[in-house]
Amino acid sequence: MYNNIGDNMKSKIKKIIMPITLAVFCGFLCGRLMFSIYEEKGTTTLNSNIVYLLEDTTYNNYDDMKANTISANYIYYEDNGKYNVVVALTKNYDNITKIEKVYNKELKVSKYLINDKGLVTTLEEYDKKLNNSNDNEEIKNIIIDMINIYKDKEDIKMVKIS
């Protein structure tokens with residue numbers, strides 16, 4: 001009699017444990033597959049659309065900003081009542097030191113994610129020119145052109161990521 005009860009319990013446990021184990025294993029495999037697919041796509045997308053904004057000083061008011069910025073051609077944005085001046089943008093991190101040398105100033109570098117493929121492609125073209133140039137005047141002109149492509153597009157959104 002006790003032997004039948006033990007066999008009956010073993011049978012019920014096998015009926016419960018086996019499907020649960022199989023379901024957990026299948027869920028693990030599906031989860032790993034989905035994660036690997038999205039991790040690869042997500043990393044590629046994020047890295048390909050990173051833009052570096054090089055910012056000059058933050059100013060307390062608009063008039064001070066207009067009078068004291070290091071470049072005549074810039075983009076600015078207001079954040080918490082302060083005016084932040086962007087004097088250059090680049091997609092190539094290696095160009096940052098070259099830009100700082102031209103302005104003879106260490107600039108604040110902010111990383112942004114941008115969703116406009118056309119702008120990203122154009123920035124990459126200007127970055128190649130910037131990378132190949134050593135003439136300060138030519139570099140300044142390239143920087144101005146880079147700023148102007150952003151100025152001409154009012155609907156571009158950027159998301160700060162660092």
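All residue numbers in this chain count up from 1 along the given sequence. Every value quoted in this text rests on a predicted model; they were computed, and no experiment measured them.
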Going by heavy atoms in the side chains, are D56 and Y74 under 4.5 Å from each other?
-> no
Would you find a donor on one side and an acceptor on the other, under 3.5 Å apart, between the side chain of N131 and the backbone of D127?
-> no
Spatial distance of atom CG (N95) from atom OG1 (T90) [nearest 0.5 Å] = 4.5 Å
In short, V102 meets K140 closest at the heavy-atom pair CG1-CG, 3.3 Å
Option from N61, N60, T58 for which side chain to side chain donor-acceptor pair (under 3.5 Å) with K82 holds | N60
Mind telling me whether Y62 and Y83 have parallel, tilted or perpendicular rings, with 30° and 60° as the class edges?
-> perpendicular
Is the count of non-hydrogen atoms from other residues, nucleotides or ligands lying under 6.0 Å from N132 atom CG greater than 12?
-> yes
Close side-chain approach of Y103 to L54, heavy-atom, < 4.5 Å | no
Report the C-alpha distance between L29 and F25 in whole Å, list the side-chain angles of each, state the deciding distance to 0.1 Å, and finish with yes or no for side-chain contact (heavy atoms from CB on, under 4.5 Å).
-> CA-CA 6 Å; L29 288 178; F25 182 70; 3.4 Å; yes
Sub-4.5 Å side-chain heavy-atom contact between I75 and L89 = yes
In terms of heavy-atom contacts, V86 and Y77 come closest through CG2-CE2, 3.9 Å
Rounded to the nearest 0.5 angstrom, the CE-CD distance for M146 and E125 is 10.5 Å
Rounded to the nearest 0.5 Å, how far apart are CG of N134 and CD1 of I139?
-> 6.0 Å
Please check if atom CD in E106 has more than 12 non-hydrogen atoms from other residues, nucleotides or ligands closer than 6.0 Å.
-> no
Identify the two heavy atoms, one from E55 and one from Y112, that lie closest to each other, and give their separation to 0.1 Å.
-> OE2-OH, 4.3 Å
Can you see which heavy atom on L130 is nearest to which on K98, and at what distance?
-> O-NZ, 2.9 Å
With sequence neighbours excluded, tell me which residues meet ring-ring contact (aromatic ring centres under 6.0 Å, His included) with Y93.
-> Y52
Do other residues, nucleotides or ligands put more than 12 heavy atoms under 6.0 Å from the NZ atom of K101?
-> no
Scan N49, T122, I114, V120 and name whichever one has a side chain to side chain contact (heavy atoms under 4.5 Å, CB included) with K91.
-> V120
Separation of I143 CD1 from N148 CG (nearest 0.5 Å) = 12.0 Å
From the list I99, T57, V85, side chain to side chain contact (heavy atoms under 4.5 Å, CB included) partner of L107 resolves to I99
Verify, without hydrogens or angle tests, whether K129 (side chain) and E138 (backbone) share a donor-acceptor contact under 3.5 angstrom.
-> no
Under a 4.5 Å side-chain heavy-atom rule over Ile, Leu, Val, Met, Phe, Trp and Tyr, are L119 and I144 clustered together?
-> no
